[in-house]
Amino acid sequence: MEPQLFTECHYSRFSSGGRTNIYGLALFETSMESGLPVDSEFPSNIIRSFPQNISHKLQNQNKSKAIRHLFVSSFYGITCFASATGYWNTVELPLNQDIGEIISMDTFSSDQSNLVFALTTVHTEGDGQHNFTLRIYSLDDASQMYIEEAIFRIAEQCQVIRIPFTPMQLFHTRININGESNTCLLLCGNDGGVHLYLRNKSTNKWEEEHVRSYFPFLASLSESSILSLEIREIGDLKIVAAGCQNGRLHVSIMKFDTSVGDFVPMDEPACVVLFSPITSISVFSSSSSKVSPGDIHMLVTCAVERAIIYCNVDKLVLNRPVYLKECSQYDSVLCSNIMDVDWDGNNEILVGTYGRELLVYKQDIDHHNI
């Protein structure tokens, strides 16, 4: 793979004193559309209060149409880039300013809520004591709202859960409970555990459950501080990968068993020790097509070394690593993403570094190189 050259067309700066971290991005896929026209100051406009010019006539939204809105956290606030046709609207979430410093966040929809927004925070008292919280905002009836209205309504409903450990990555996934699919929240902590939260349908409150009941593999990693977690379903496979602060990478490959109606492990979990803390993991397919995804690979980035692609991870697990050229030449690699940036039907790899470089890698289809 050779780095590709792209030209910046728009940018959005953080407010004074604000910046994000490796857990500060969340992509929300929904059928909720933007209800505001393009602003005359686009892309510099920022919406900080409920817009009065929002369209009040909501057309029948196409439920099959997937719209992706981007949420970005700075240390003390959340900004949403609400997607529209040919532009976006920048909306600041109206959060309580006393919540403290934001550590990580995630956003998704569930069977009960059209929009769920979760974040972890730390508030430092006068005596230096740190108080950590998990805050979950839920909006249950937003099917007839535009995304901008939903963002301002969601701040009215918040559940606060105090946590006795330093939180790290927040992650949501689907689990099977008595034959029903449910959305759960997974929270990695410095106590070496992965904490699982489910919404109680009777009380509508989120409650912690034992992770071992749903992810025995993650429960077995209680001696490691997990920095990066990835759970991805492709076809009848589920791949669970955990990257730790000590450089250990753990992977479990599972396959759907129709006799039990759930995923079961194919083999024993695999593990490899890398040189430095693992900053991100992405399981992806070579094709962007959901019908014919192609080969399945796994991208792993570390703080102090080149990013690695484990090719055909579903078949070879960790036995075929390929190292990406040049990505270690621009300081620590902090984040990564997978997407089809040139719309050719094949996924590309994006790697972001502490040196403020964004590298894009493309697969050489003719020579089957990555």
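Along the sequence shown, the residues carry numbers beginning at 1. All values reported here derive from a predicted model rather than from experimental measurement.
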Answer yes or no: is there a donor N or O on one side and an acceptor on the other, between the side chain of [X] and the main chain of [Y], under 3.5 Å?
X    : Y    : answer
Y361 : K325 : yes
R232 : V283 : yes
T353 : S332 : no
E348 : V360 : no
S286 : G294 : no
Q159 : W206 : yes
N182 : E180 : yes
Y23  : L227 : yes
S228 : I278 : yes
T301 : A307 : no

Does any part of the side chain of [Y], heavy atoms only, come nearer than 4.5 Å to the side chain of [X], both counted from C-beta?
X    : Y    : value
V194 : L221 : no
N312 : H297 : yes
M105 : F117 : yes
M145 : L139 : yes
I253 : K255 : no
E233 : F256 : no
Q169 : I226 : no
T166 : F132 : yes

Original post:
Taking the six-membered ring for Trp, are H172 and F108 parallel (under 30°), tilted (30 to 60°) or perpendicular (over 60°)?
Top reply: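 Answer is parallel, since the angle falls under 30°.
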
Please determine whether residues [X] and [Y] belong to a single hydrophobic cluster, defined as Ile, Leu, Val, Met, Phe, Trp and Tyr linked transitively by side-chain heavy-atom distances below 4.5 Å.
X    : Y    : value
L274 : V304 : no
I175 : I231 : yes
L358 : V341 : yes
M298 : M266 : yes
V272 : I308 : yes

Evaluate whether atom [atom1] of [X] has more than 12 neighbouring non-hydrogen atoms of other residues, nucleotides or ligands under 6.0 angstrom away.
X    : atom1 : value
E268 : CD    : no
Q245 : CD    : no
D127 : CG    : yes
R248 : CZ    : no

**OP:** With R153 as the cation and F50 as the aromatic partner, state whether NZ or CZ is under 6.0 Å from the six-membered ring centre and within 45° of the axis.
**Re:**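 Yes - R153 lies over the ring of F50, closer than 6.0 Å to its centre and within 45° of its axis.
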
**OP:** Please report the C-alpha distance between F165 and H195 in whole Å, then the side-chain angles of each, then the deciding distance to 0.1 Å, and finally whether the side chain to side chain contact (heavy atoms under 4.5 Å, CB included) criterion is met.
**Re:** CA-CA 11 Å; F165 55 87; H195 303 263; 3.3 Å; yes

Please report the shortest heavy-atom distance between [X] and [Y], naming the atom on each side.
X    : Y    : value
V333 : C327 : CG2-O, 3.5 Å
M32  : I147 : CE-CD1, 4.0 Å
S31  : I67  : O-CD1, 3.9 Å
T279 : L334 : CB-O, 3.6 Å

Original post:
In a check of side-chain contact (heavy atoms from CB on, under 4.5 Å) between T203 and each of K201, E207, R199, which one passes?
Top reply: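 Considering K201, E207, R199, a side-chain contact (heavy atoms from CB on, under 4.5 Å) with T203 is found only for E207.
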
Drop me the distance from [X]'s [atom1] to [Y]'s [atom2], to the nearest 0.5 angstrom.
X    : Y    : atom1 : atom2 : value
L249 : C302 : CG    : SG    : 8.0 Å
C184 : E209 : SG    : CD    : 10.0 Å
Y137 : T107 : OH    : OG1   : 12.5 Å
I338 : D340 : CD1   : CG    : 11.5 Å
T133 : L119 : OG1   : CG    : 7.5 Å
S252 : F215 : OG    : CZ    : 10.5 Å

**OP:** Give the intermediate values and the outcome of side chain to side chain contact (heavy atoms under 4.5 Å, CB included) for residues Y146 and L36.
**Re:** CA-CA 9 Å; Y146 288 110; L36 294 174; over 6 Å; no

**OP:** Decide yes or no on side chain to side chain contact (heavy atoms under 4.5 Å, CB included) for L170 and L134, but give the supporting numbers first.
**Re:** CA-CA 10 Å; L170 263 174; L134 168 63; 4.1 Å; yes

Any chance the side chains of [X] and [Y] put a donor and an acceptor closer than 3.5 Å?
X    : Y    : result
N204 : Q112 : no
E148 : S34  : yes
D140 : S113 : yes
R174 : T183 : yes

**OP:** Evaluate side chain to side chain contact (heavy atoms under 4.5 Å, CB included) for I163 paired with L187, printing each intermediate quantity in order.
**Re:** CA-CA 10 Å; I163 48 181; L187 174 58; 4.0 Å; yes

Original post:
So which of D344, N347, N346 actually passes side-chain hydrogen bond (donor to acceptor under 3.5 Å, both in side chains) with K362?
Top reply: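 The passing option is D344.
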
